[in-house]
2 protein chains.
Amino acid sequence: MQQPYNVYEDRCPTRQVLDRLADKWALLILDRLQGAPVRFNQLRRDIQGISQKVLSQTLKKLERDGLLSRSVFATVPVTVEYALTDLGQSLIQTVSTFAHWAEQHMDAVLLAQVKYDEGAASTSGA
Amino acid sequence: MQQPYNVYEDRCPTRQVLDRLADKWALLILDRLQGAPVRFNQLRRDIQGISQKVLSQTLKKLERDGLLSRSVFATVPVTVEYALTDLGQSLIQTVSTFAHWAEQHMDAVLLAQVKYDEGAASTSGA
DNA sequence: CAGGATCCAAAGCGATACTG
DNA sequence: CAGTATCGCTTTGGATCCTG
């Protein structure tokens, strides 16, 4: 009768899973794959600022984790599509909510930062 | 009539917000603060593996972002409590769902990893 | 108890060049 | 198009020591 692991425990594999997903690029990729498969260079264009290396690495990790699938089509030149798996689908709603929380509450965060910095300035300044 | 930013855009402040939140430790801290305020060393004990430095840094950033508040009580020795703000509350449900998805689907991820690695091994091995 | 400051090793990541 | 491989810088993060 072993107790289930939880995210607070060190050693627990959950930590590795969380660590993989708690990554800006991974979240953006998963979010971008919502709805339909996307090709490599399309992802690269859409997710602005991601480098080819990081995109490649992150895709590979997410594929290994079973969150997305990689399909190769023997066109010329070759076409590669990335799509969410069922496992990926089970997470996408949360990821999407999470990613877009940032959009919706960006102003509040920015305002909080200004206030915080003002307080810090007045502490050392006047 | 400016279009709203979105997470896919570079330059957008949303990226900074997402980058802040897409962090294993930040998520664990926020999740741990759900329900009631928690003291510094209690967080340190509960979130296994986090160092004092990273805990301190992450708390400060999250406070600056307005997601949590820091309250000092003039006891001896001093007591410091961290609690979610309203802004933090608005995110906690998603964070919690996200963090615990890892717990619930850990087995599936681990299985996917094994299968992926087997495929890679057979590619180079046989 | 609740941190700040410092040192140092390790990981991350961009840029570049090359492959099928 | 869809990547891999390598180099070198930058950042992260743990460990340690110290303070109020």
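In what follows, chains carry the letters A, B, and so on, assigned in the order in which the sequence lines appear, proteins first and then strands, with residues in each chain numbered from 1. Nothing here was measured: the structure is a model prediction, and the numbers come from that model.
- Donor-acceptor pairing under 3.5 Å is recorded for the side chains of A/Y8 and B/D31.
- Following rounding to the nearest Å, B/Q42 (CD) and C/dA2 (P) show an atom-to-atom distance of 9 Å.
- Interatomic distance, CG of A/D65 versus CG of A/L21, reported as 7.0 Å (0.5 Å rounding).
- Among B/L91, B/V7, B/V95, B/T94, the one residue that satisfies the side-chain contact (heavy atoms from CB on, under 4.5 Å) test with A/W101 is B/L91.
- For A/K24 and C/dG14, the NZ to C1' distance is 13 Å, given to the nearest whole Å.
- If B/K61 and A/Q57 are placed on DNA chain D by their nearest nucleotide, the residue sitting closer to the 5' end is A/Q57.
- Each of B/G49 and A/K60 was matched to the nucleotide of DNA chain D holding its nearest heavy atom; the match closer to the 5' end belongs to A/K60.
- Taking the six-membered ring for Trp and thresholds of 30 and 60 degrees, B/F40 and B/Y82 have ring planes inclined between 30 and 60 degrees apart.
- Counting non-hydrogen atoms under 4.0 angstrom, B/R70 reaches the backbone sugars and phosphates but no base.
- For A/W25, there are no ring-ring contact (aromatic ring centres under 6.0 Å, His included) partners two or more places apart in sequence or in a different chain.
- If you measure from atom CD1 of B/I50 to atom C1' of D/dG13, you get 11 Å, rounded to the nearest angstrom.
- Whole-Å rounding puts the B/D19 CG to D/dT11 P distance at 13 Å.
- Along DNA chain C, the nucleotide closest to B/R45 and the one closest to B/S56 are compared, and the more 5′ of them pairs with B/R45.
- If you measure from atom CG of B/L62 to atom C1' of C/dG3, you get 16 Å, rounded to the nearest angstrom.
- Distances shorter than 4.0 Å separate none of the side-chain N or O atoms of A/R39 from OP1 or OP2 on D/dC1.
- The side chain of B/Y82 contributes no N or O atom lying less than 4.0 Å from OP1 or OP2 of C/dC1.
- Checking C/dA2, C/dC13, D/dA2 against the side-chain heavy atoms of A/K53 singles out C/dC13 as nearest.
- Closest to the B/Q52 side chain, of the nucleotides C/dA2, D/dG13, D/dT16, is D/dT16.
- For the pair B/L59 CG and C/dA2 P, the computed distance is 11 Å after rounding to whole Å.
- Among D/dG14, C/dA15, C/dA2, the nucleotide with an atom closest to any side-chain atom of B/F40 is C/dA2.
- B/N41 has its CG atom 15 Å from the C1' atom of D/dG20, to the nearest Å.
- Atoms CG (B/D46) and P (C/dC1) sit 13 Å apart, rounded to a whole Å.
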